[in-house]
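Computed over heavy atoms, backbone and side chain alike; hydrogens, waters and symmetry mates excluded. As the structure is a computational prediction, the values presented were derived from the model and not from experiment. Just so we're on the same page: letters track the sequence lines, and every chain starts at 1.
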There are 2 protein chains.
Amino acid sequence: MCPASKSKHIPRATIQRLAIYLQVLDALDNENVEVISSERLAAACDVNPSQIRKDLAYFGEFGVRGVGYNVPKLIQSIKESLGTDRIWRVALIGVGNLGRSLLRYQGFLKRGFQIVAAFDCDPFKIGDTVAGLEVMCPRRMKEHVRDLHIEIGIITTPAERAQRAANHLIEADIRCILNFAAARIQVPEHIYVEYVDFFHHMYALTFKYCIGEAQRAEKTPSS
Amino acid sequence: MCPASKSKHIPRATIQRLAIYLQVLDALDNENVEVISSERLAAACDVNPSQIRKDLAYFGEFGVRGVGYNVPKLIQSIKESLGTDRIWRVALIGVGNLGRSLLRYQGFLKRGFQIVAAFDCDPFKIGDTVAGLEVMCPRRMKEHVRDLHIEIGIITTPAERAQRAANHLIEADIRCILNFAAARIQVPEHIYVEYVDFFHHMYALTFKYCIGEAQRAEKTPSS
DNA sequence: CCGTGCTTGTTCACTATTTCACAACGTGTG
DNA sequence: CACACGTTGTGAAATAGTGAACAAGCACGG
């Protein structure tokens, strides 16, 4: 499936950067840029050119020496490397505000994902239709996952119900979980979990700002 | 403001983990857990206990040897370290689907943030009221930022308009930008930017899954 | 068909981060 | 008051990731 990645260990940071390259490359492709050098791509992504070449080298040789990288080809290659050169079928659990927003969001398919089922344990929500999907009871999850070939579960419940949602997903043999709830969840070894919480980024901002200002104050010991 | 951080450089990864600790500690606090050891906290956060102790040591000595950490006190200490022991005033630019969701989201204040202004350049949206805030024209941003003491800007425009939104924010002397748009933005040196894109996490998931399955296949060279 | 110019892929030294291991030190008990 | 216990804070070792430098190799021009 994924082209082997040369059986070397690949840093997590590399994967995050690949996602960034993809974003920038998509923009370039829309502007019909055909070829780009690691140097110019690096400038756009705000990283070191060597870094880009090394990141890509984990997966193969995608460039042409003396020329650079063909943009559409590189996009395809990165997608293959990340495993998103196909559509992944996704279930969402927790049809609250956030859940509904995601269900209505049009951008999934373009990025290789398709939400094909929605679950919520609130009996008043079960049976409702959101963005063309009927909200279903989590107790029936296992059979739906099997029938619909679902591989990824997105948790958008309140924090206190995240673990229960995760248990439903695990029970239904889902191996990949994206957790938007503001809570850590416990899962067995063989399940992959990623956490999405934009407050983490907020904190990173306020922290960098504080540090930055403190250093400024040091350099300018005014008043 | 922030307690000095002992003037040592602090890894970015540490900041991300502090945000995680905070999340778990909040949950513990709600369960009225008073004291926790680095070992048990580490288990809940899925990191190494030494890691936690070292992360905290960057900012001070918060624990009691032989006992552990007082949960409420540690929460407070981490908040101070991150610079979120006060309310940050935030502006949002781009009142689309995502923007509206964020404006309506109730959880900001609890985490130390307050959205006090919303901007959109669509003349049909200007003047509308969303979650009690009047949508305003970005051209008037500078004065609003000054009058409302805004320090952080959140970009929720479509990707192609992210740079323009960023320019407005920079022009209005905002130093911290949280960018939800799927595009990189160019900013001067002294501006802090953080990117939020849950597809990055999606890709991390699919990638880990592919690698994991490949390794499985290796160990079990079946058929 | 060879040489020049340019950019990749890759090595290596360096820097940053994580983990280990243990000394330091409160707490509670006899 | 002294001792045993338990957990922190921290220096040192191991591991991981980054950036500079350069050899390799394609494209184009003469």
Side-chain angles (χ1 to χ4, degrees), chain A residues 3-21 25 28 33-71 73-75 77-78 81 204 207-208 211, chain B residues 3-21 25 28 33-71 73-75 77-78 81 204 207-208 211:
Chain A
S5 70
K6 284 179 176 172
S7 73
K8 272 275 284 171
H9 167 76
I10 291 160
R12 179 193 179 74
T14 291
I15 301 307
Q16 295 194 14
R17 280 191 299 269
L18 286 181
I20 295 172
Y21 305 157
L25 288 166
L28 289 169
V33 176
E34 297 228 336
V35 170
I36 190 159
S37 67
S38 61
E39 189 171 340
R40 296 216 297 128
L41 182 56
C45 299
D46 203 23
V47 298
N48 185 296
S50 299
Q51 188 78 82
I52 293 191
R53 297 201 293 275
K54 176 159 298 190
D55 285 340
L56 296 176
Y58 283 119
F59 299 94
E61 306 196 0
F62 305 130
V64 180
R65 294 171 193 219
V67 179
Y69 300 92
N70 176 286
V71 173
K73 272 192 190 170
L74 186 54
I75 290 173
S77 300
I78 293 179
S81 303
F207 176 72
K208 285 197 287 188
I211 291 289
Chain B
S5 71
K6 284 181 177 171
S7 74
K8 272 274 283 169
H9 167 75
I10 291 159
R12 182 196 175 71
T14 290
I15 302 305
Q16 294 193 15
R17 281 191 298 268
L18 285 181
I20 295 171
Y21 305 157
L25 288 167
L28 289 169
V33 177
E34 297 228 336
V35 170
I36 191 160
S37 67
S38 61
E39 188 170 341
R40 296 215 299 129
L41 182 57
C45 299
D46 204 22
V47 298
N48 185 298
S50 302
Q51 187 79 84
I52 292 190
R53 297 202 294 275
K54 181 148 290 191
D55 285 340
L56 296 176
Y58 283 119
F59 298 95
E61 305 197 359
F62 305 129
V64 179
R65 293 171 193 221
V67 179
Y69 300 92
N70 175 288
V71 173
K73 272 192 189 171
L74 186 55
I75 290 174
S77 301
I78 293 178
S81 303
F207 175 72
K208 285 198 288 190
I211 292 291

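- Protein atom CG of A/Leu56 is 10 Å distant from nucleotide atom P of C/dT8, rounded to whole Å.
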Taking protein heavy atoms under 4.0 Å as touching, what does nucleotides 15-23 of chain D look like 5' to 3' if B marks base contact, S marks sugar-phosphate-only contact and - marks none?
--SBBBB--
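- At distances below 3.5 Å, at least one donor-acceptor pair connects side-chain atoms of A/Ser81 with backbone N or O atoms of A/Ser77.
- Of the candidates C/dG9, C/dT27, D/dT8, the closest approach to any side-chain atom of A/Tyr69 belongs to C/dG9.
- Residue B/Ile52 contributes atom CD1, which lies 9 Å from atom P of D/dT8 at whole-angstrom precision.
- Neither OP1 nor OP2 of C/dT7 sits under 4.0 Å from any side-chain N or O of A/Ser38.
- Between the C1' atom of C/dG26 and the CD atom of B/Glu61 lies a distance of 12 Å, rounded to the nearest Å.
- Counting only heavy atoms from C-beta outward, the side chains of A/Val35 and A/Val67 approach each other to under 4.5 Å.
- For the pair A/Leu41 CG and C/dT7 P, the computed distance is 14 Å after rounding to whole Å.
- Judged by closest nucleotide on DNA chain D, B/Ile36 is the one of A/Gly66 and B/Ile36 placed further toward the 5' end.
- Taking a 6.0 Å sphere around CZ of A/Arg40, one finds it holds 12 or fewer heavy atoms contributed by other residues, nucleotides or ligands.
- Between the CG atom of B/Asp46 and the C1' atom of C/dT19 there is a distance of 15 Å, rounded to whole Å.
- Residues B/Leu74 and B/Ile78 have side chains in contact (heavy-atom distance under 4.5 Å, counting atoms from C-beta outward).
- Put simply, the side chain of A/Leu18 reaches to within 4.5 Å of the side chain of A/Phe59, judged on heavy atoms.
- Side chains of A/Tyr58 and A/Thr14 form a contact here, defined as non-hydrogen atoms less than 4.5 Å apart.
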